[in-house]
Amino acid sequence: QVQLVESGGGLVQAGDSLRLSCAASGRTFSSYAMGWFRQAPGKEREFVAAISYSGGSTYYADSVKGRFTISRDNAKNTVYLQMNSLKPEDTAVYYCAAAIISPLRPVSTMVVADEYDSWGQGTQVTVSS
C-alpha cells in the first residue's frame with residue numbers, strides 16, 4: 001500500500017482559494033489512480049474528484065465542477081486539489097485516496113470510497129460566509 005499525507009487545509013472566507021496537497025510514499029505513485037473525497041459533520045463521505053495514473057483523465061463531482069481542479073506530479077509523488085470560489089458548503093475534512101485499477105477503467109467510475117485502497121488522515125477546510 002501507499003502512505004498518504006494531506007496538507008494545505010485551513011480557514012478561509014467565501015470566494016477564496018486553497019490548494020490541498022497529498023504526498024505519497026511507499027509503492028510507485030504512478031501506479032495509482034488518485035481521488036479526493038470530503039466529509040462534513042453529520043454527513044457521509046462524498047466524492048470530489050479523481051485523476052488517472054498519468055494525469056491525462058480527470059473527473060469531478062457536479063458540486064465542484066468548474067471550481068476545483070485535480071492534478072498530479074508523479075515526479076514529486078504528489079496529487080493536488082486546487083479549490084477556487086470556495087463556498088461555506090465546501091466546509092469538510094478532505095481526504096485523498098489511492099487505488100490500483102485497470103488502465104482501461106475510466107476514472108469517472110471511481111466515485112465510491114470502497115473502490116480505494118489507501119487513505120490519508122484528512123485535512124480540515126473551513127469556509128466562512
Does CD in Gln121 sit with more than 12 non-hydrogen atoms of other residues, nucleotides or ligands closer than 6.0 Å? yes
| field | Arg72 NZ/CZ over Tyr80 ring centroid, <6.0 Å and within 45° of normal | value | no
Where do [X] and [Y] come nearest, in terms of heavy atoms and distance?
| X | Y | value |
| --- | --- | --- |
| Ala98 | Val2 | CB-CG1, 3.6 Å |
| Ala40 | Ala92 | N-CB, 3.8 Å |
| Leu81 | Ala49 | CD1-CB, 4.3 Å |
| Gln1 | Ser118 | CB-OG, 3.6 Å |

Check: Are any of the side-chain heavy atoms of Met83 and Val125 separated by less than 4.5 Å?
Finding: yes
- Would you say Tyr60 and Val48 make side-chain contact, with heavy atoms under 4.5 Å? no
Checking Glu6 against Tyr94 for the side chain to side chain contact (heavy atoms under 4.5 Å, CB included) test, could you report, in this order, the C-alpha distance in whole Å, the side-chain angles of both residues, the deciding distance, and whether it holds? CA-CA 8 Å; Glu6 302 96 335; Tyr94 283 71; over 6 Å; no
With a 3.5 Å cut-off and sequence neighbours excluded, list the donor-acceptor pairs that the side chains of residues 104-113 form with protein atoms.
| unit_1 | atom_1 | unit_2 | atom_2 | d |
| --- | --- | --- | --- | --- |
| Arg105 | NE | Thr109 | OG1 | 2.7 |
| Arg105 | NH1 | Glu115 | OE1 | 3.3 |
| Arg105 | NH2 | Thr109 | O | 3.4 |
| Arg105 | NH2 | Glu115 | OE1 | 3.4 |
| Arg105 | NH2 | Glu115 | OE2 | 3.1 |
| Thr109 | OG1 | Pro106 | O | 2.7 |

What pairs of donor and acceptor atoms, side-chain ones from residues 9-24 against any protein atom, are under 3.5 angstrom apart with sequence neighbours left out?
| unit_1 | atom_1 | unit_2 | atom_2 | d |
| --- | --- | --- | --- | --- |
| Asp16 | OD2 | Gln13 | N | 3.1 |
| Ser17 | OG | Asn84 | OD1 | 2.9 |

Requested in this report: Taking only Lys NZ, Arg NE, NH1 and NH2, and the carboxylate oxygens of Asp or Glu, determine whether Asp90 and Lys87 approach each other closer than 4.0 Å.
Outcome: no
Legend entry - Residues Met34, Phe29; criterion side chain to side chain contact (heavy atoms under 4.5 Å, CB included); working and verdict: CA-CA 9 Å; Met34 300 296 295; Phe29 178 68; 3.8 Å; yes
Residues 30-86 vs disulfide (SG to SG under 2.5 Å), sequence neighbours excluded, gives none
Indicate yes or no for a side-chain donor-acceptor contact from [X] to the backbone of [Y] under 3.5 Å, with no hydrogens or angles considered.
| X | Y | value |
| --- | --- | --- |
| Thr91 | Val127 | yes |
| Ser30 | Thr28 | no |
| Arg45 | Gln39 | no |

Sequence neighbours excluded, the answer for ring-ring contact (aromatic ring centres under 6.0 Å, His included) partners of Phe37 is Phe47, Tyr116, Trp119
Nearest-0.5 Å distance, [atom1] of residue [X] to [atom2] of residue [Y]:
| X | Y | atom1 | atom2 | answer |
| --- | --- | --- | --- | --- |
| Glu46 | Trp36 | CD | CH2 | 14.5 Å |
| Phe68 | Ser85 | CZ | OG | 9.0 Å |
| Ile51 | Cys96 | CD1 | SG | 12.5 Å |
| Gln3 | Ser25 | CD | OG | 4.5 Å |

The salt bridge (charged side-chain N to carboxylate O under 4.0 Å, His left out) partners of Lys43 (sequence neighbours excluded) come to none
Residues Val79, Ile70; criterion side chain to side chain contact (heavy atoms under 4.5 Å, CB included); working and verdict
CA-CA 7 Å; Val79 63; Ile70 188 172; 3.9 Å; yes
The side-chain hydrogen bond (donor to acceptor under 3.5 Å, both in side chains) partners of Glu89 (sequence neighbours excluded) come to none
